Amino acid sequence: MTKEKFGVAVGEETVQEVDELVAECDDLGASRSEIVEAILTAFVQSETNHVEQIREIIIRKRKGTL
């Protein structure tokens, strides 16, 4: 499977959370990119209605309630 790179900009709180996950996975030597890819993989492969959940998150972020 090939990989495609794309850049994202995230808020400071998200950066801190990802950095905490990187620290907790220190024994694996996981990078931020690996952590974010793992999160995205877990999300996409879950049985959740992704469209509904993504729409709700976007709306809440825009309203400043997330």
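Starting from 1, each residue takes its place in the sequence as its number. Just so it is clear, the model here is predicted, and its values are computed rather than measured.
Hydrophobic clustering of Ile, Leu, Val, Met, Phe, Trp and Tyr side chains at less than 4.5 Å, counting indirect connections, unites Phe6 with Val15. Note on Phe43: it does not cluster hydrophobically with Val36, by side-chain heavy-atom contacts below 4.5 Å among ILVMFWY residues. Linking Ile, Leu, Val, Met, Phe, Trp and Tyr residues whenever their side-chain heavy atoms come within less than 4.5 Å leaves Val51 and Ile57 in two separate clusters.
Every residue two or more places apart in sequence or in another chain was checked for a side chain to side chain donor-acceptor pair (under 3.5 Å) with Glu13, and none qualifies. Contacts of Glu34 classified as salt bridge (Lys or Arg N to Asp or Glu O under 4.0 Å), with partners at least two apart in sequence or in another chain: none. Applying the side chain to side chain contact (heavy atoms under 4.5 Å, CB included) criterion to Asp26, with sequence neighbours excluded, gives no partner residue. In this view, Glu20 satisfies the salt bridge (Lys or Arg N to Asp or Glu O under 4.0 Å) rule with no residue, not counting sequence neighbours. Qualifying side chain to side chain contact (heavy atoms under 4.5 Å, CB included) partners for Lys3, counting only residues two or more places apart in sequence or in other chains: Glu37.
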Name each donor-acceptor pair under 3.5 Å that joins a side chain in residues 58-66 to protein atoms two or more places apart or in another chain, with its distance.
unit_1	atom_1	unit_2	atom_2	d
Arg60	NH2	Thr65	O	3.4
Thr65	OG1	Arg60	O	3.3

**OP:** Kindly determine whether Thr48 and Ser46 satisfy side-chain hydrogen bond (donor to acceptor under 3.5 Å, both in side chains), including the steps that lead there.
**Re:** CA-CA 5 Å; Thr48 307; Ser46 72; 3.2 Å; yes

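Among all heavy-atom pairs drawn from Val44 and His50, the shortest one is O-CE1, 3.1 Å.
At least one side-chain heavy atom of Cys25 sits less than 4.5 Å from a side-chain heavy atom of Ile35.
For CD of Glu52, the number of neighbouring non-hydrogen atoms (other residues, nucleotides, ligands) closer than 6.0 Å is 12 at most.
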